[in-house]
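In each ligand, atom 1 is the first atom listed, and ligand 1 is the first ligand listed.
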Amino acid sequence: MDLSLTEEQQAFRDLARDFLEREAVPHRMRWDHDEAVDLAIVPKMAALGFFGLTIPEAYGGVGGDYVTYSLAMEELGRADSALRGIVSVSSGLVGKSILDHGTEEQKQEWLPRLASATALGCFGLTEPGTGSDAGNLTSRAVRDGSDWVLDGQKLFITNGTWADVALVFARTSDDGPRGLTAFLVPTGSPGFEARAITNKLGLRGQATAELFLSGVRVPDSARLGEVGRGFKIAMGTLDKGRLAVASGCVGIVQGCLEASVAYARERTQFGKPIASFQLVQDLIAGISLDADAARLLAWRCADLIDRGEPFGVAASKAKLFASEAAVRAANNAIQVHGGAGYVDDFPVAKYLRDARVMTLYEGTSQIQKLIIGRAETGISAFS
Ligand code: TGC
Ligand code: FAD
């Protein structure tokens, strides 16, 4: 693995940081308090290429490599994880699924819109009764002539109330994970309803929703991939999604490091900057180490994707380590800040609240451990 970044990769990272420092960092606390990102930032992010990174130029994207994608997700996580989720769900989970499994018509219909963020997507896998055990979900799609009719409920869906298209996984036969099929459902379809979930611990600027599908009718041309292949589509897409979460977490750890160093150099106690105390340096050294280790795991995974190598277990390792590191780093960053870290005058309390979900979504830490354990032992804990 070559650890040096190309000039293009560095240039995109610098451009992204500069943009987010101007357009996101000054507003993130207000968005958090208002429980809504100002969506006026979305077209500006699209103009810079954030939404097109995973989409080829032929479909309106910028067709970047996955190391660049990882850098972009890191910068978004450092600035505001709510923004990272908007991009990585819409163009990553949804756009990438369409790119990898869609018909030419589906690609032409949705990818240019997702790449330009003139449409947003959401990814509907989790249900009230099935989170980790996604292969057992119960939403149904029944064939009716040349259409499908969908009924069911989805829970905790990022972008749910903002999305124009929902990638919905529904049961088309009673064959466990092999009985699921994926559908691209326009959210304006009759019978489709999204209800906002509010008062979250973190990611408060990001829309999270419950989806209700009641007799939603879509043509067979809205089916993504083959009948019965929905679970494989979801799992393959989530492997790349886990890289995005891991990279966003690297950004949280990096943000915690920068905030802690700045505060520790400035704040004096006992007549000295608190940065001169060895126990404070211990906290900062731990955050610094976590930033490096998490970043290397994320880059290793991105590099495997770029080289066309298997990367699923590397994605689980990066996601597991980086998400746990983000919680640890944010917690220690608050410790460095003392009482000041407990209020929103500094970014560290928000980092902790935002970090907390990272060990839960896109597969909990326990699920990542079991995926890694299965790869090491050859024995599945799930069957
Ligand atoms: P298993 O029963 O063994 O396999 C069923 C079929 O699926 C295939 N498969 C894969 N295919 C491609 N890529 C992968 N990574 C695959 N993993 C499994 C498998 O080959 C088999 O195919 P076939 O041909 O034999 O029929 O299923 P499993 O044991 O692998 O799955 C169990 C488990 C627990 C790993 C899986 O259910 C899982 O990952 N659960 C976690 C669910 C999850 O991650 N949900 C995330 C929802 S999205 C979200 O949280 C977005 S957050 C927003 C944001 O990121 O900002
Ligand atoms: P459960 O699966 O009920 O797990 C509860 C606990 O049991 C966890 O600690 C888990 O690790 C443990 N556990 C479960 N099974 C095992 C096992 N076999 N061995 C050991 N421990 C186990 N989903 C989407 O589809 N799309 C989205 O866009 C999306 N966005 C989200 C946004 C937010 C803010 C949140 C909070 C969630 C989002 N999710 C989304 C859902 C998320 O993916 C699930 O919450 C997650 O997969 C866990 O499922 P669960 O909440 O049902 O927990």
Open item on the list: Heavy atoms only, cut-off 4.0 Å: how does Leu125 contact ligand 2, side chain, backbone, both, or neither?
Closed with: both

Open item on the list: Return the closest protein heavy atom for atom 2 (O) of ligand 2 as residue, atom name and distance.
Closed with: Ser132 OG, 2.6 Å

- [ ] Could you tell me whether Lys154 approaches ligand 1 through its side chain, its backbone, both or neither, with non-hydrogen atoms closer than 4.0 Å?
- [x] neither

TODO: Please write down residue, atom name and distance for the protein heavy atom closest to atom 41 (C) of ligand 2.
DONE: Thr126 OG1, 3.2 Å

Task: Check: Tyr361 N/O within less than 3.5 Å of ligand 2 N/O - done: no

- [ ] Distance to 0.1 Å, residue and atom name: give those for the protein heavy atom nearest to atom 26 (N) of ligand 2.
- [x] Phe123 O, 2.8 Å

Task: Residues forming a side-chain hydrogen bond (donor to acceptor under 3.5 Å, both in side chains) with Lys154, sequence neighbours excluded - done: Glu127

Open item on the list: Please give me the minimum heavy-atom distance between Ser260 and Val336, naming the atom from each residue.
Closed with: O-CG1, 3.8 Å

TODO: Please state whether Gly131 comes within less than 4.0 angstrom of ligand 1, counting heavy atoms only.
DONE: yes

Task: atom 38 (C) of ligand 2 - nearest protein heavy atom and its distance - done: Phe156 O, 3.1 Å

Task: Contact partition for Val89 relative to ligand 1, non-hydrogen atoms under 4.0 Å - done: side chain

Open item on the list: Regarding His33 and Asp344, do their side chains bring together a donor and an acceptor under 3.5 Å, going by distance alone?
Closed with: yes

Task: Nearest-contact summary for atom 18 (N) of ligand 2 - protein heavy atom, Å - done: Leu370 CD1, 3.9 Å

Task: Validation row, ring centre Phe123 to ring centre Phe169 under 6.0 Å - done: yes

- [ ] Could you tell me whether some N/O pair between Lys200 and ligand 2 is separated by less than 3.5 angstrom?
- [x] no

Task: Polar side-chain atom of Thr187 near backbone of Ala163 as donor-acceptor pair, under 3.5 Å - done: yes

- [ ] Considering heavy atoms of the protein only, find what lies nearest to atom 46 (C) of ligand 2 and give residue, atom and distance to 0.1 Å.
- [x] Leu360 O, 3.4 Å

- [ ] Look at atom 28 (O) of ligand 2 and say which protein heavy atom is nearest, naming residue and atom and giving the distance to 0.1 Å.
- [x] Thr158 N, 3.0 Å

Open item on the list: Once you restrict to heavy atoms under 4.0 Å, what part of Thr364 touches ligand 1? Side chain, backbone, both or neither.
Closed with: neither

Open item on the list: Walk me through whether Phe12 and Phe50 qualify under ring pair (Phe, Tyr, Trp, His ring centres under 6.0 Å).
Closed with: CA-CA 10 Å; Phe12 188 84; Phe50 276 107; 5.7 Å; yes

Open item on the list: Less than 4.0 Å is my threshold; does some heavy atom of Gly241 fall inside it relative to ligand 1?
Closed with: no

- [ ] Run the contact test for Pro177 against ligand 1 with a 4.0 Å cut-off on heavy atoms, strictly below, and give the result.
- [x] yes

Open item on the list: My understanding is that only residues two or more places apart in sequence, or in another chain, count here; which of them pass side-chain hydrogen bond (donor to acceptor under 3.5 Å, both in side chains) with Asp290?
Closed with: Arg328

Task: Trace of the ring pair (Phe, Tyr, Trp, His ring centres under 6.0 Å) decision for Phe346 with Tyr263 - done: CA-CA 9 Å; Phe346 294 91; Tyr263 187 81; 5.2 Å; yes

